[in-house]
J.: 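So that we are looking at the same thing, I have put the structure below in structure tokens.
Just so it is clear: chains get the letters A, B, ... in the order the sequence lines come, proteins before strands, and each one is counted from 1. In this text the structure is predicted, and so the values were computed from the model without any measurement.
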There are 2 protein chains.
Amino acid sequence: MDTARKNEQSSEIPAICRSCEARHGGICGVLSPDQLKKLNRYTKQYSYESGNELLSAGEEAHRYSNILRGVVKLSKLLADGRQQIVGLQFAPDFMGRLFREESDVIADAATDVTLCTFPRNVIEELVRESPELEHKLHEQALKELDEAREWMLTLGRKTAGEKVASFLYLIAANVDPELADHDGPIRFELPLKRSDIADFLGLTIETVSRQITKLRKAGVIQIENNRTVIVPDLERLEAACETDR
Amino acid sequence: MDTARKNEQSSEIPAICRSCEARHGGICGVLSPDQLKKLNRYTKQYSYESGNELLSAGEEAHRYSNILRGVVKLSKLLADGRQQIVGLQFAPDFMGRLFREESDVIADAATDVTLCTFPRNVIEELVRESPELEHKLHEQALKELDEAREWMLTLGRKTAGEKVASFLYLIAANVDPELADHDGPIRFELPLKRSDIADFLGLTIETVSRQITKLRKAGVIQIENNRTVIVPDLERLEAACETDR
DNA sequence: CGAGCAGTTGACTGGGATCAAGCTGTGTGG
DNA sequence: CCACACAGCTTGATCCCAGTCAACTGCTCG
């Protein structure tokens, strides 16, 4: 019977995976119990404190990862130290540049982070034998491309005030996606400190600070403890993302 | 015999595909003769003059395309008309956002463009039955993501002079990839007019013009006819991409 | 208590935007 | 053939937004 077969299969799923939240949204969701068992033989979990480097540019990445907890910032550097954050990744995203020896971005823990890591070659072999896995990763890449392009518009054409509003909106939407059509106030922790926000927006920390103050004085947001933000009306914040001229 | 079999197979490739240059670098290269024949039943070629719109944001894309000739710009708009180019595509790139009803970018012909187009559902069916095709498209998506992130660094952290140098360097490298380690002068046509360059760099046309003049006076580039550029020493141009402070 | 990090605020500066004029090539019609 | 219009580009004068430099607050940790 079908349900019996399902139960039998799921009983073969490694215990550590069965209790793993990343399995549902993450790439492991498309793997068969056998594949999960194979992968599980080589996985290792690591935890990092906020600020630690997970992967540096040009370094050969021996392992890929799922993000189980926390926020990872991907950034790029110029020779003289100027920095730009080019992506943020949240659980249960897959992290790592497939089909390439080395990464050209730096990955840092923006918050405390836990990763479930696997060796390059194991993942690449699984990708070869599982079109579903490749499809899943392909979709994630397209999603990241959409996000990067949206962000290029922000970086290239928005004012400082609009940039800060856009960042807050991005976090508000990402932290609680199901609140998108919810009308009440939204409250969340910023995963980045001011200097990271500045690196994300192509601004300085002073400008970020001033624009946050401005949004606060305009009543669009409220601030607690520098890191906790309350958005009383998400639509007002959304409007601030592109009307500041 | 193997070679005989190959010849027999290749004789089944549709004539129009056999003479198509995009087949080698493009996605069609991974398709079997049978798949090519199937696809070929639904393909249509279209040509567009520079400036024409190929696809508008929010519009449902019924067809995907290979770019056979020309340069396509992908851009995004804000409500008040501010524009940002978020990607450039050259032959033989594949064009279209897979697995999504509608595109969130506008595609315009930056130069005269010829496309080989196919219906959405045919491509998506081929992707489902051919892991090689999905892999090829996945790799292109990752390449575009790398490019987008490189450009985010330029948009967020470079000065106007560095931005313009970076753009010229990008074109010089893309137009003639095999000239990468070639020492002599490089000469090429800019595929974009000044206003497009400005939209690509997040600048105004006046600033673009001034910075081009500055590079010309510094001897980094020479200009003929506003559109033709000569780079006597690619390394000097490369240096100008991130040392302008 | 002091050291040090994160954030805010103020005064001043400067790079790129804005506004405006002029230049150059190209096509069009008399 | 010239006169004209127009689009693409350049150059100049001025302005303003965000960067820079600096001082200060608040918090945490030793």
J.: So which atom in S50(B) and which in A110(B) form the shortest heavy-atom distance, rounded to 0.1 Å?
T.: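 The answer is OG-O, 3.2 Å.
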J.: When you measure from the side chain of A160(B), which nucleotide among dG16(C), dC9(D), dA6(C) comes out closest?
T.: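 Minimum distance to the A160(B) side chain belongs to dG16(C).
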J.: Please find the pair of heavy atoms, one from G161(A) and one from Q211(A), that lie closest to each other, and give the distance.
T.: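 Looks like CA-OE1, 3.3 Å.
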J.: Using the rule given for side-chain hydrogen bond (donor to acceptor under 3.5 Å, both in side chains), can you reason through Q89(B) versus E144(B), listing the C-alpha separation, both sets of side-chain angles and the distance that settles it, and then say yes or no?
T.: CA-CA 9 Å; Q89(B) 299 203 282; E144(B) 287 179 27; 2.8 Å; yes
J.: For residues I85(A) and D196(A), determine if any side-chain heavy atom of one lies less than 4.5 Å from a side-chain heavy atom of the other.
T.: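 Touching, per the 4.5 Å side-chain cut-off.
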J.: How long is the line joining CD of E189(B) and C1' of dG8(D), in whole Å?
T.: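 Roughly 15 Å, once rounded to whole Å.
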J.: With sequence neighbours left out, what residues match Y48(B) under ring pair (Phe, Tyr, Trp, His ring centres under 6.0 Å)?
T.: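 Ring pair (Phe, Tyr, Trp, His ring centres under 6.0 Å) list for Y48(B), sorted by chain: empty.
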J.: In whole angstroms, how far is the P atom of dA18(D) from the CZ atom of R157(A)?
T.: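 So the two atoms are 14 Å apart, to the nearest Å.
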J.: Between E242(B) and A79(A) (side chain of the first, backbone of the second, donor and acceptor by atom type, cut-off under 3.5 Å), is there such a pair?
T.: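 Checking the backbone N and O of A79(A) against the side chain of E242(B), a donor-acceptor pair under 3.5 Å is found.
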J.: Is a donor on one side and an acceptor on the other found under 3.5 Å between the side chain of R120(A) and the backbone of R100(A)?
T.: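 Yes: the side chain of R120(A) pairs with the backbone of R100(A).
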J.: Within a strict 4.5 Å, meaning less than it, do heavy atoms of the I221(B) and I212(B) side chains meet?
T.: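 Side-chain contact under 4.5 Å: yes.
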J.: Measuring only between side-chain heavy atoms, which start at C-beta, is R194(A) closer than 4.5 Å to N226(A)?
T.: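 Yes - at least one pair of side-chain heavy atoms lies under 4.5 Å apart.
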J.: Each nucleotide N or O in nucleotides 26-30 of chain D that has a protein N or O under 3.5 Å away: list the pair and distance.
T.:
none

J.: For the residue pair F200(B) and W151(B), categorise the inter-ring angle as parallel (less than 30°), tilted (30 to 60°) or perpendicular (more than 60°).
T.: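 Plane angle under 30°, so parallel.
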J.: What parts of residues 219-229 of chain B reach DNA chain C, counting only heavy atoms under 4.0 Å away?
T.: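 Contacts with DNA chain C under 4.0 Å: none.
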J.: Let's see if you get this right: which residues in residues 78-88 of chain B place a heavy atom under 4.0 Å from DNA chain C?
T.: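 Per residue number, the list is empty: none.
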J.: Within the distance-only criterion (no hydrogens, no angle test), does the side chain of T111(B) pair as donor or acceptor with the backbone N or O of P191(B) below 3.5 angstrom?
T.: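 Looks like no, no N/O pair under 3.5 Å.
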J.: Should stems be defined as at least three consecutive Watson-Crick or G-U pairs with both distances under 3.5 angstrom, which of them involve DNA chain D?
T.: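 Stems for DNA chain D, defined as runs of 3 or more consecutive pairs: C:1-30 with D:1-30.
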J.: Using 30° and 60° as the class limits, which term best fits the ring planes of F94(B) and Y64(B): parallel, tilted or perpendicular?
T.: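 Ring orientation of F94(B) relative to Y64(B): perpendicular.
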J.: Could you tell me which non-hydrogen atom of I230(A) sits nearest to which non-hydrogen atom of P185(A), and how far apart they are?
T.: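 Shortest heavy-atom separation between I230(A) and P185(A) comes out as CG2-CB, 4.3 Å.
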J.: Using the rule given for salt bridge (charged side-chain N to carboxylate O under 4.0 Å, His left out), can you reason through R157(B) versus E162(B), listing the C-alpha separation, both sets of side-chain angles and the distance that settles it, and then say yes or no?
T.: CA-CA 9 Å; R157(B) 289 304 188 194; E162(B) 291 168 338; over 6 Å; no
J.: In residues 195-214 of chain A, which residues come under 4.0 Å of DNA chain C by heavy atom?
T.: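 Only E206(A), S209(A), R210(A), T213(A) qualify.
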J.: Just by distance, with hydrogens left out, do S47(A) and T114(A) show a side-chain donor and acceptor under 3.5 Å apart?
T.: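 Their side chains do contain a donor-acceptor pair, which is all the 3.5 Å distance test asks for.
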J.: Distance check needed: dC9(D) P versus K193(B) NZ, whole Å only.
T.: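 Nearest whole value for this atom pair: 7 Å.
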